[in-house]
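Below you'll find the structure, written out as structure tokens, and then a few comments.
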Amino acid sequence: QVQLVESGGGLVQAGGSLRLSCAASGRTFSNYAMGWFRQAPGKEREIVAAISWSGGNPYYAQSVKGRFTISRDNAKNTGNLQMNSLKPEDTADYYCALSRRIGTTSSPDLYDSWGQGTQVTVSS
């Protein structure tokens with residue numbers, strides 16, 4: 001079992017930046033792909049970005065390409081999501097998740113460990 005704890009959310013003006021972090025403990029973090037998802041009120045959870053076990057082959061949702069960067073530090077058991085040029089439509093609860101696979105995957109069904117989420121609010 002792995003525990004994932006997100007941090008770094010908050011309130012920011014449009015055009016601003018936030019850096020989300022995900023601290024993992026328990027199951028060997030470095031063996032598995034990880035991803036960031038978000039869920040806005042009244043909407044389904046959606047993939048934001050994902051990365052392989054080694055930190056390679058990043059995937060980004062079209063809506064965040066060029067603005068968000070996913071990364072991980074396996075030595076520290078942490079993952080990060082750098083979010084720049086934030087827009088009001090980025091407002092959501094953001095979750096990090098760990099997959100049972102090693103390769104990058106965008107399907108939430110392939111992730112079996114989830115954090116509690118951190119709220120991001122972007123004001124216009």
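Heavy-atom basis, side chains included; hydrogens, waters and symmetry copies ignored. Being a predicted model, the structure only gives us computed values, none of them experimental.
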Within 6.0 Å of CD1 in I102, more than 12 heavy atoms from elsewhere: no
With heavy-atom distances below 4.5 Å as the criterion, would you say the side chains of N31 and W53 are in contact? no
Could you see if I47 belongs to whatever hydrophobic cluster contains V64? Use Ile, Leu, Val, Met, Phe, Trp, Tyr and a side-chain cutoff under 4.5 Å. no
Are Y95 and I70 linked, directly or through other ILVMFWY residues, by side chains that come within less than 4.5 angstrom of each other? no
Is it the case that more than 12 heavy atoms not belonging to Q116 sit under 6.0 Å from its CD atom? no
Could you pull out every donor-acceptor pair under 3.5 Å between side chains of residues 80-91 and any protein atom, sequence neighbours left out?
| residue | atom | partner | partner atom | Å |
| --- | --- | --- | --- | --- |
| N80 | OD1 | S21 | OG | 2.9 |
| Q82 | OE1 | R19 | NH1 | 3.3 |
| Q82 | NE2 | N84 | OD1 | 2.9 |
| N84 | OD1 | S17 | OG | 2.9 |
| D90 | OD1 | R38 | NH1 | 2.9 |
| D90 | OD1 | R67 | NH2 | 3.0 |
| D90 | OD2 | R67 | NH1 | 2.8 |
| D90 | OD2 | R67 | NH2 | 3.4 |
| D90 | OD2 | K87 | N | 2.8 |
| T91 | OG1 | P88 | O | 2.9 |
| T91 | OG1 | V122 | N | 2.9 |
| T91 | OG1 | V122 | O | 3.4 |

If you look at every heavy atom in S113 and L4, which pair is closest and at what distance? O-CD1, 3.5 Å
Rounded to the nearest 0.5 Å, the OG atom of S30 sits from the CZ atom of R72 at a distance of 7.0 Å
Connected via hydrophobic side-chain network under 4.5 Å: M34 and F68: yes
If you group Ile, Leu, Val, Met, Phe, Trp and Tyr by side-chain heavy-atom gaps below 4.5 Å, do Y59 and L20 land in one group? no
Here the gap from L11 atom CG to T121 atom OG1, rounded to the nearest 0.5 Å, amounts to 6.0 Å
Check for me, please, whether V12 and V48 land in the same ILVMFWY cluster - side-chain distances under 4.5 Å, paths through other members count. yes
Within residues 9-50 or reaching into it, pairs that qualify as ring-ring contact (aromatic ring centres under 6.0 Å, His included) - sequence neighbours excluded: F37-Y111, F37-W114
Does R101, at its CZ atom, have more than 12 non-hydrogen atoms belonging to other residues, nucleotides or ligands within less than 6.0 Å? no
If we ignore hydrogens and angles and just use 3.5 Å, is the side chain of E6 paired with the main-chain N or O of C96 as donor and acceptor? yes
Test log, rule side-chain hydrogen bond (donor to acceptor under 3.5 Å, both in side chains), inputs S107 and T105: CA-CA 6 Å; S107 172; T105 180; 5.4 Å; no
A50 backbone acceptor or donor facing T104 side chain under 3.5 Å: no
Donor-acceptor pair, side chain of Q13 and main chain of S123, under 3.5 angstrom: no
